[in-house]
Trainee: 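I have a structure I would like to understand better, so I am pasting it below and will then ask my questions one at a time.
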Amino acid sequence: MHDHNLSPESLMMSYGYKPELSEGSIKCPIFQTSTFVFKTAEEGKAFFEVAYGLREKAEHEELGLIYSRLNNPDLEILENRLCLWDKAEDCAVFESGMSAISTVLMEFLAPGDLLLYSNPVYGGTDHFIKQVLTKFGVHVVGFKTGQNQEEIEQIIQNSGHADRLAMIHVETPANPTNDLIDLDVCSRIAKKYSTDEQQVLLAVDNTYMGPLWQHPLKHGADLVVYSATKYIGGHSDVIAGAVLGSATLMKRVKGLRTFLGNMAGPWTGWLLMRSLETLKVRMEQQAANAEEVAAFLLDHDQVERVYYLGSIPEEDTRNREIYERQYSCAGAMLSFDIKGGEKEAFAFLNKLRLFRLAVSLGSTESLAQHPASMTHAGVDPALREELGISNKLVRLSIGVENAKDLISDLAQALT
Ligand SMILES: *Cc1c(COP(=O)(O)O)cnc(C)c1O
């Protein structure tokens, strides 16, 4: 059934899967196999011609199954289903979010190129950009949330490599303060610096708000990347990643994935398909719970400030305007400044009973952590201060539990 008029949530149980090819099994089995049998030598030859780009695909020809590093039914069906949420032409799934992100950066950047990225980005991404890409002669410059188009362009000019700008990689909302980045501004910059020879690509890490509440492709992004470990997986039991974009760009991403060999395995693919069936109900419940938790924290005398997209201060017109344009929901991630410092934050974290003290996010269970000493411990202290990641900041990922239970846990831990 290929009915694009149906909503993604209606298609997550069936899309792209034909039971008659699998003994009538209602669910897609786990194709735990390394290789696939060709019917004839001619068929094998035809599959390889397409896989290696030796000829163009015929009109309705699909890439035949060859070997699980190239393709596997669990991955292909999962990729087709992920495309529905972001309305992307194609998708590639990976064994982690980091392998998705690093593969994109490696495929589209060459020695001498300039990468512009937003601060703060995920710690692993930050390390890959600063420590690994630079080893291969890629120039990198960062900008901060809150900077406008003129200031960002000044950073590009000051780098001395403006003529080699090849890619912009951003993460919005910024973790853990929920500061927003204007994707339309990033897209305008990418277009302005594109030439006939080189298109500047805009890649957006949509882990925090996707695939439900932010659709970067609609705002001019060329590529969307995910840690599928978070909302897409949603149960804290699998590490995975995904990249989505146009067929042309994804052909290159999949090409490098084949040769790096960092595709997801069939078992991971199967787990993610199972997760996708409940993605929308999970995320909506998480967001509804987060709204109640935020209201409780905003009112609490031990809480100094709440960083939540549903309560951006009236005077913060920049973030408000971006929020209205780019998001359809305030999400389920929030942070707050506790009165005091590390001592008070730790006392609170150690007292939690229902919330688990752990990093990661987007899962069915609620999590709490201390960014300054945990997820962001590797960030330069001066930059950390500038970004508002102080010792009194606590980050919460809200799960699907009963909101009243979550609030009573927070209440007892705050006393
Ligand atoms: C977790 C995360 C990653 C890394 O993903 P892994 O699946 O852990 O490799 C990248 N970006 C963001 C925003 C994340 O939260």
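In listed order, ligands and their atoms are each counted from 1.
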Trainee: Is a salt bridge present between Glu344 and Lys392, judged by a nitrogen-to-oxygen distance below 4.0 Å?
Mentor: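 Between Lys392 and Glu344 there is no salt bridge, as every charged N stays at least 4.0 Å from the carboxylate O atoms.
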
Trainee: Decide whether a cation-pi geometry holds between Arg282 and Tyr231; the criteria are a distance under 6.0 Å from NZ or CZ to the six-membered ring centre and an angle within 45° of the ring axis.
Mentor: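 No; the conditions do not both hold, so Arg282 does not lie above the ring face of Tyr231.
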
Trainee: Can you check ring-ring contact (aromatic ring centres under 6.0 Å, His included) on Phe336 and Phe348, steps first, answer last?
Mentor: CA-CA 12 Å; Phe336 68 93; Phe348 163 78; 5.5 Å; yes

Trainee: List, ordered by chain and residue number, the protein residues whose closest non-hydrogen atom lies under 4.0 Å from any atom of ligand 1.
Mentor: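 Contacts of ligand 1 under 4.0 Å: Ser96, Gly97, Met98, Ile101, Tyr122, Glu171, Asp205, Thr207, Ser227, Thr229, Lys230, Ile239, Ala240, Leu361.
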
Trainee: Is it true that Asp90 and Lys254 have a side-chain N and a carboxylate O under 4.0 angstrom from each other?
Mentor: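 Yes, this pair counts.
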
Trainee: Salt-bridge test for Asp184 and Arg188: reply yes if a basic N is under 4.0 Å from a carboxylate O, no otherwise.
Mentor: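 Looking at Arg188 together with Asp184, the answer is no, because their closest N to O distance does not fall below 4.0 Å.
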
Trainee: Is the closest basic N to carboxylate O distance between Glu153 and Lys192 below 4.0 Å?
Mentor: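 Yes.
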
